[in-house]
Structures are given as structure tokens and as C-alpha cells.
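Here the structure is a predicted model, which is why all the values come from computation and not from measurement.
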Amino acid sequence: MPRPRPPWVLVPRWTGSVAVAATPHGRDPAARRGPLPYHGPPMTTTPLDVLRTSLRDLTCADPRLEHEGRILTLSGWVDRRRDLGQLIFLDLRDRYGITQVVVDATESPEAHAVASAVRSEYVLRVEGRVAARGEGTRNPKLATGDVELRAATITVLSSARTTPFVINDPDAEIDEAVRLTYRYLDLRRGPLQRRILARGRLVQAIREVHHAAGFVEVETPLLIKSTPEGARDFVVPSRLQPGSVYALPQSPQQLKQLLMVAGMDRYFQIARCFRDEDLRGDRQPEFTQLDLEMSFVAEPDVMGWVESMALAVTRGVAPERPIAQVPFPVLTYREAIDRFGSDKPDLRYGMELVDLGDAVAGAGFRVFDSVLEAGGRVMGITVAGQGGISRGQIDELTEMAKRFGAGGLIWLAPGADGSIRGSVVKALGEERATAIARAAGAGEGDLVLIVADRDIHAQEVLGRLRVEMAGRLGLADPNVLAYVWVHQFPMYQWDADARRWDATHNPFSGVMPDDLGLLETSSGDLAAADPGDPAGRARALQYDLALNGWELGGGSIRFHTRELLARSFALQGYSDESMVERFGGILEAFEYGAPPHGGIALGVDRWAALLTDQTNIREVMAFPKTSSGSDLMLAAPSPAEPGQLEELGLTRAPRPAEG
RNA sequence: GGACCCGUGGUGUAGCGGCCCAACAUGCCAGCCUGUCACGCUGGAGAUCGCCGGUUCGAAUCCGGUCGGGUCCGCCA
């Protein structure tokens, strides 16, 4: 039965608009001319009338005083029922909001009979008249709280068992295994629902900004050839070619570079990626990346685009959250390690590392001397106001430092009148110890933590302690978003077991022009690598974007000539044959005219988590897996059917323990 | 592969050798109630304490194993 279209429509749903400010790029303004502020149309909003259906006129968030006296139909879930006998209140809920329904036995006995039998989470359709609430009965906590729907007819669209956990309490703490088993019910609850909606807006904003800037959205296949990006591949056996397998992509890396060879110029994709590694709070076996690649670009072009895009998206999705610094700070890898002990530093607080090499030199303390002689570093951080730390807490931190690979942890706590506590005060003497603490920037009442170790290791351990202490002291403002670029990574790191150079990030990354001559071995034979090779000093055209101490993603300007790419692969230990076997496609493609190109991949799950204040990406994924890779709702993975294996030409080898 | 934490009515917790065939809150069921909005009041049902084994006169409680969940290291961009 068609109804007249109601006239009170067109309330915008989401009004997050994307206005992209031009941001300068790089420290050298000329080098940062960069690209392309977004001046496209405003972001889409959802007009209200599209939400009207034959089962409802409005959503449960809509009724207002202006509707008073109208006969309207709402549909939704029973959030709560308050039964006062002859009078029953039902809070009707959908994802937009809540409207109070009143059922009066004297007004509509049939509706009252239905309402008496209704329970939480029943799905109802209610027709009634919108009435203004009387003085003193309005509810300012509800957007619809000035009115209520006086039920004339209630239809039960669906009944509901008692749910395994409460839907209507956003603060209820529920075992995560139960939440995952009934994910569809968890998704019905406010907090998770809001996060999934926020993620949807994030992806929408990403798409709109890229389309408006001329990027082409291209889908790449999921059944591809295994590519060595470091992680284990998920493998899919082929029925048509028994014994052969596809791999699921760890990322669309080669495909997007081939799209550049194809002249696509600007590509992006919201790409599902797969890595068969152990799970963590920020790692799931399947995850989503914003993958993009651009042609005819140098490093500032890509960083510039990504920065303006990230700003636009952030302002569209989380407009209320302050961004720490714009343009984003740019650190070299070396700087990031030396100042923060991390290549993904959290810049929401200071507590920077200090080199104490000069201060401890000649102190006659064997640990320091031997480390310095061996070319290592003595580094420290000063934790303000923590001089009163207990012995037990120091032991705990020492344990942690050891777990992170340090030999030990030295501490100093200068007190009043030149006194000083600490683990090495006796060995150093009070005077020397005080001088070291002062060199670290510590004053009375502060705590200095010192690690002496091989270069990088000292910084890395302190970097972790810095994060740990900041966490304990609550130094990071949870509201602030601190984006930071880190670039000029080393091209390679030495793999002592395989005796070859390993790409630190991406095997396709190009090299900084100044370091082109370093793509060499000492022997001159690329196949005979040695840890002292010049290649170990080469820096890559590689850039990472970090946000609040999480790596959001990274990218690079790629080699686009066959010669240089092959040279880099050779340094990474590939023979000519294995190179052709694994990368033959892209090497050949580069013989047919490849434009200079580069790009980046950003973790959408991590981004969504950070923008919604979560520390775990499961909280922004609709259907995540447990830390052992199970889907508790669908009970996946499950044992293979014998017929399936047979068809694929596979047999299952029993584990030794199973006999 | 390793370390640590957790597992008690539907949910969240308490109990940590006998006082416990287990307590509290909430939820659930029933009755009463015409202005509630975390409605209220009265009554009731509901757990052999993840599972297996051991120690003990006696185990939710101690020990071993196992399964499941989480965090971290290794692994992973």
C-alpha cells in the first residue's frame, strides 16, 4: 500500500566534508612543491528520504516536535521495555537512534497485548501518532526525547531468544571469545557499530579524494604467483594443474608497478592482503591496505600527495581531533633511531634519547669502555619526576630491557644536595654519576635510564623503554594525532645466515641518487656479498608514514630500469636464473618503456583503529579472527573434506605425534 | 617455536584446601503497578566452578596435562 512521501526529509546523515589544504612538502620548499590539493566537490551525504521504505517512514532517530500529530510507522529492535501494567514503554532502536513508543491499554488494547509479550531485541513495526511529551516527561538524553510514538498497531516482525550478552549496555565487558562467536550481536551494539561506520567513512573518504585527484581504481587478482616479500604466503592449490599452487597476495606490489608500465599514471585500490604469520593486536592474516602508485614522480611528489590526502581524510573522519604538526615532520631513519630509538616514533611526547658517550668516556667503568671501544653507543633517556622509583620497578624495567636484547639497564636518580642514587654510583663515584645524569638532562627528582650496546641496539632498547614509560605515565595525549614521515632508510641489512643483503623494506625500492655508486660489493662480484660491502651504506628512496607510534605504512620510489632492478636483486642474493624465475615478468616489462614511478601502501585497519581510539585492529574489523587464526563464528578453518583433497591431488601427511 | 595472564549460573565478578551441592550484581521467568526512560516492588528458576588425570580423609581452591581466549618475544612491513 503506497504511502504519500513525507515532506520532512533531507536531513544530511554525514556532513564530514573534505576540504584539502595545500601543504608544503619537504624542508626545502623548492623540493616540496609537490602536488595537488583537492578542490573537488564536497563529500557525499545520505539524504534522509532514501531511508524511507514500505516498512517505515522514518528512522528511530528522526521523530521531532515538527512531526506532532502525524501518523507514522517506525521499525526497529526493542532496546528496552518498561512495563508499568496498563502502560508499557518500548524503546525502539535502529542504527540511527532511539524513539520511545508508548502503549496504553485503554487507547489500543490489541497493541498493549502484543507489547506485553514483547521482549528485548524483538524486531517490531509500530504504527502510531507522534505526540509531544508532557512537561516533566521529556528525556533530554534522547535526540527524539521531546516526542513519543503512541502505538496504535504493533507487528512482531521477528522474535528473539535471550541474547548471550546485553546489547543495550555499551560499557558491558564481555569475554572476547563470546563476542567473536556472536559477532553479529556484537556488531548490533553501539560501540562496535560506530567504529565500523567510522571505518566505512574512512574508506569512502579515501575513494572520493583519490577519484577527485585523477587516480584510477583498479582491482588486481587474488590468485597470483608467490612473491617473496618476507612473509609466508597463503597458498591455494590448483585443481586444473594438480601439484601447482596460487599464492594470495601479500600486497599488489608487482601488479601496481605493471599498471604504471601500462601507462595508468595514477592507480589506487582498497586492497585485501594476506600474510600467513602469527597474529598480534595490530596484525591479522587478512587485512586491508590503501595501495597506490604514481608515475613521473620523485619522492616529494608521493609524500606530498599522501600527506594532503591523509589530512583530508583525517579531517573528514575525525574533524575534532587535533593534528600535532602540519606539514608532517620529516625525519631521516638515522635521526628517528638516534632521537627516539624507533623508525615509527610517537611524537606526542618528548623524552628523547641522549648520547652519553662523551660523558661516560674515561670514567673507568668497564661496561661503558668496552662498548665504546667496540664502536657501540651509550645512550640514555630522562624520565621526568620518576627519581623516586622503587627497586622493584627498576628490576622490572631491567627485565624488560633484557627481553628486548640489552645486556642490562643502568639507572641514576639525582636527589637533593648533590646526592645521587643508582646502580653504578659506587663504581663511578657520586661526582661522575652526577655529571652523567646532568649530561642526560636530568635534574633533582628525575630518573635516567642508560643502555650501552652495539649501535642501533642501544637505541632500540631505549626506544621501547621510552614507549613503556610514556605509557605508564600517560604522557601521550590520546586525542592528538601525530603523523610523522621517516625516510632515507638503509637499502639493505645483512643476513648473516644466508650471507647476503636483504631489502629492509621492499625489494623493488630505488636508491638515493647520491648512493647509486654504493650498489657494489667489495669484491666487485655481486654474488659474493660481504657485511663490509658499500651496499650496506646505501640509502633507499623509501619513506614510512607513522601515526602515534604505529607504522601506518610505507612506500618508495622504485627502480624503473631493468639494469638497476636486476643489480639490486643480485645483491639480494638472486642468481640470474632465480631472478627470472621469480621476477621475470616485471624485469621483462621494464624493457618495454617503464616510466619513473613510486607509491605507498597504508594499513587501513590500523588507520581506522587509530582514528577511533582503539589499540587493536579487531575492534575495527567486522569479522576478525582470534590470535590462533580462527573464525569463532563460522568455525573456520575446518578440516578438509577427503573429496576436496582428492580432487586437488593432495594427501594430508599426519603429524609425527599423530602416528 | 617460547614466556606470561585468564577460564566459576546467560553476562560480569567474588570465593583460592573443609565454613561452598558455591556468593553478589545484572539478565531471565512469574505476579503487581497508567508516565517510565538503567522504572519500581514481590517471588522464582538457573552453575557438578573449561576438560582429563593426580595429590589429599576432603579440591572451584594445590600439582601435571590438555583445550579455548588474550598479551608479549621470535616471526611479520
Inset, instruction - Using the C1' atom on both, measure B/U8 against B/U71 and round to a whole Å. - result: 23 Å
Inset, instruction - Could you check which of B/G35, B/G69, B/U11 has an atom nearest any side-chain atom of A/Leu632? - result: B/G69
Inset, instruction - Looking at every strand, decide which applies to A/Asn616 at a 4.0 Å heavy-atom threshold: base, sugar-phosphate, or nothing. - result: sugar-phosphate
Inset, instruction - State whether A/Lys402 places a side-chain N or O below 4.0 Å from either non-bridging phosphate oxygen (OP1 or OP2) of B/C73. - result: no
Legend entry - Nearest-Å distance once atom C1' is located in both B/G68 and B/C51: 10 Å
Legend entry - Interatomic distance where CG belongs to A/Asp171 and C1' belongs to B/U13 [whole Å]: 16 Å
Inset, instruction - Choose from B/G69, B/C37, B/G35 the nucleotide whose nearest atom is closest to any side-chain atom of A/Leu84. - result: B/G35
Legend entry - Whole-Å gap separating P (B/C39) and CG (A/Asn168): 8 Å
Legend entry - Distance, C1' atom - from B/G35 to B/C28, rounded to whole angstrom: 26 Å
Legend entry - Rounded distance in Å between the P positions of B/C63 and B/U55: 15 Å
Legend entry - Residue matched to B/A30 through Watson-Crick or wobble contacts both under 3.5 angstrom: B/U42
Inset, instruction - Mark yes or no for a side-chain to base donor-acceptor pair under 3.5 Å between A/Asp278 and B/G74, with no hydrogen or angle criteria applied. - result: yes
Legend entry - Short side-chain N/O contact to B/G68 OP1/OP2 from A/Thr626, under 4.0 Å: no
Inset, instruction - Look through every strand shown and name the nucleotide pairing with B/C24 as Watson-Crick or G-U wobble, where both distances are under 3.5 Å. - result: B/G12
Legend entry - Electrostatic pair A/Glu468-A/Arg464, nearest N-O below 4.0 angstrom: no
Inset, instruction - Grab the CD-C1' distance between A/Glu107 and B/G35 for me, whole Å please. - result: 12 Å
Inset, instruction - Write down the distance between CG (A/Leu180) and P (B/G7), rounded to a whole number of angstrom. - result: 19 Å
Legend entry - Any N/O donor-acceptor pair, A/Glu173 side-chain to B/U13 base, under 3.5 Å: no
Inset, instruction - Measure from the side-chain heavy atoms of A/Arg283 and tell me the nearest of B/G1, B/G70, B/C76. - result: B/C76
Inset, instruction - Given side chain to side chain donor-acceptor pair (under 3.5 Å), test A/Asn506 with A/Gln253 step by step and report yes or no. - result: CA-CA 9 Å; A/Asn506 181 313; A/Gln253 181 65 35; 3.0 Å; yes
Inset, instruction - Report the distance from atom NE2 of A/His112 to atom C1' of B/C33, rounded to the nearest whole Å. - result: 10 Å
Legend entry - Phosphate contact (B/U36 OP1 or OP2) by A/Arg82 side-chain N/O below 4.0 Å: no
Inset, instruction - Ignoring hydrogens and angles, state whether a donor on the side chain of A/Ser251 or A/Gln289 is under 3.5 Å from an acceptor on the partner side chain. - result: no
Legend entry - Donor-acceptor pair under 3.5 Å, A/Arg618 side chain vs B/G69 base: no
Legend entry - Complementary nucleotide of B/C4, counting Watson-Crick and G-U pairs under 3.5 Å: B/G70
Inset, instruction - Using a heavy-atom cut-off of under 4.0 Å over every strand shown, decide if A/Asp83 touches base, sugar-phosphate, or nothing. - result: base
Inset, instruction - Would you state whether a donor and an acceptor, one from the side chain of A/Glu148 and one from the base of B/G35, lie under 3.5 Å apart? - result: yes
Legend entry - Qualifying residue for side chain to side chain contact (heavy atoms under 4.5 Å, CB included) with A/Val511, from A/Gln542, A/Met491, A/Arg539: A/Met491
Legend entry - Atom P, compared across B/A47 and B/U42: separation rounded to whole Å: 25 Å
Legend entry - ring centroid sep under 5.5 Å plus plane angle under 30, A/Phe89 with B/U36: yes
Legend entry - Centroid-centroid under 6.0 Å between A/Tyr246 and A/Phe234 rings: no
Inset, instruction - Before accepting this row, confirm whether a basic side-chain N of the pair A/Asp91/A/Arg80 lies closer than 4.0 Å to the acidic partner's carboxylate O. - result: no
Inset, instruction - Compare the minimum distances between each of B/U11, B/A77, B/C75 and the side chain of A/Arg280, then state the nucleotide with the smallest one. - result: B/C75
Inset, instruction - Can you tell me the distance, in whole Å, between the CZ atom of A/Arg81 and the P atom of B/C33? - result: 14 Å
Inset, instruction - Identify whether any heavy atom of A/Thr137 sits under 4.0 Å from a base atom; if not, whether one sits that close to sugar-phosphate; answer base, sugar-phosphate or nothing. - result: base
Inset, instruction - Using heavy atoms to find the nearest nucleotide of RNA chain B for A/Thr163 and A/Asp544 separately, return the residue whose nucleotide is more 5′. - result: A/Thr163
Legend entry - Between A/Arg82 and A/Gln100: side-chain donor-acceptor atoms closer than 3.5 Å: yes
Inset, instruction - Specify the separation, in whole Å, of atom NE2 of A/His505 and atom P of B/A77. - result: 10 Å
Inset, instruction - Using the P atom as the reference point in each nucleotide, state the distance between B/C16 and B/A23 in Å, no decimals. - result: 15 Å
Inset, instruction - Taking only Lys NZ, Arg NE, NH1 and NH2, and the carboxylate oxygens of Asp or Glu, determine whether A/Lys344 and A/Asp544 approach each other closer than 4.0 Å. - result: no
Inset, instruction - Using a 4.0 Å heavy-atom cut-off across all strands, classify A/Arg80 as base, sugar-phosphate, or nothing. - result: sugar-phosphate
Inset, instruction - Assign A/Glu121 to base, sugar-phosphate, or nothing according to its heavy-atom contacts below 4.0 angstrom with the strands shown. - result: nothing
Inset, instruction - Using the C1' atom on both, measure B/C62 against B/G15 and round to a whole Å. - result: 16 Å
Inset, instruction - Take atom CD1 of A/Ile98 and atom C1' of B/U36, then tell me their distance rounded to the nearest Å. - result: 14 Å
Inset, instruction - For residues A/Ser159 and A/Tyr122, determine if any side-chain heavy atom of one lies less than 4.5 Å from a side-chain heavy atom of the other. - result: yes
Inset, instruction - Could you tell me whether the side chain of A/Thr106 has a donor or acceptor atom within less than 3.5 Å of a complementary atom in the base of B/U34? - result: yes
Inset, instruction - With heavy atoms under 4.0 Å as the rule, sort A/Arg606 into base, sugar-phosphate or nothing. - result: nothing
Inset, instruction - Please confirm whether any donor atom in the side chain of A/Arg179 sits under 3.5 Å from an acceptor in the base of B/U11, or the reverse. - result: no
Legend entry - Closest to side chain of A/Thr162, choosing from B/C73, B/G27, B/C76: B/G27
Inset, instruction - Mark yes or no for a side-chain to base donor-acceptor pair under 3.5 Å between A/Arg161 and B/G10, with no hydrogen or angle criteria applied. - result: no
Inset, instruction - Among the candidates B/C76, B/G10, B/G70, find the nucleotide nearest to the side-chain atoms of A/Glu277. - result: B/C76
Inset, instruction - For B/U11 and B/C19, measure between their C1' atoms and round to the nearest Å. - result: 28 Å
Legend entry - Pair A/Glu107 + A/Arg150, salt bridge at N-O below 4.0 Å: yes
Inset, instruction - Check every strand shown and say whether A/Arg133 touches a base, only sugar-phosphate, or nothing at a heavy-atom separation below 4.0 Å. - result: base
Inset, instruction - Please tell me which of the listed nucleotides, B/A38, B/A77, B/C28, lies nearest to the side chain of A/Ser120? - result: B/C28
Inset, instruction - Verify the contact: side-chain N or O of A/Gln250 to OP1 or OP2 of B/A77, cut-off strictly under 4.0 Å; return yes or no. - result: yes
Inset, instruction - Check every strand shown and say whether A/Arg150 touches a base, only sugar-phosphate, or nothing at a heavy-atom separation below 4.0 Å. - result: base
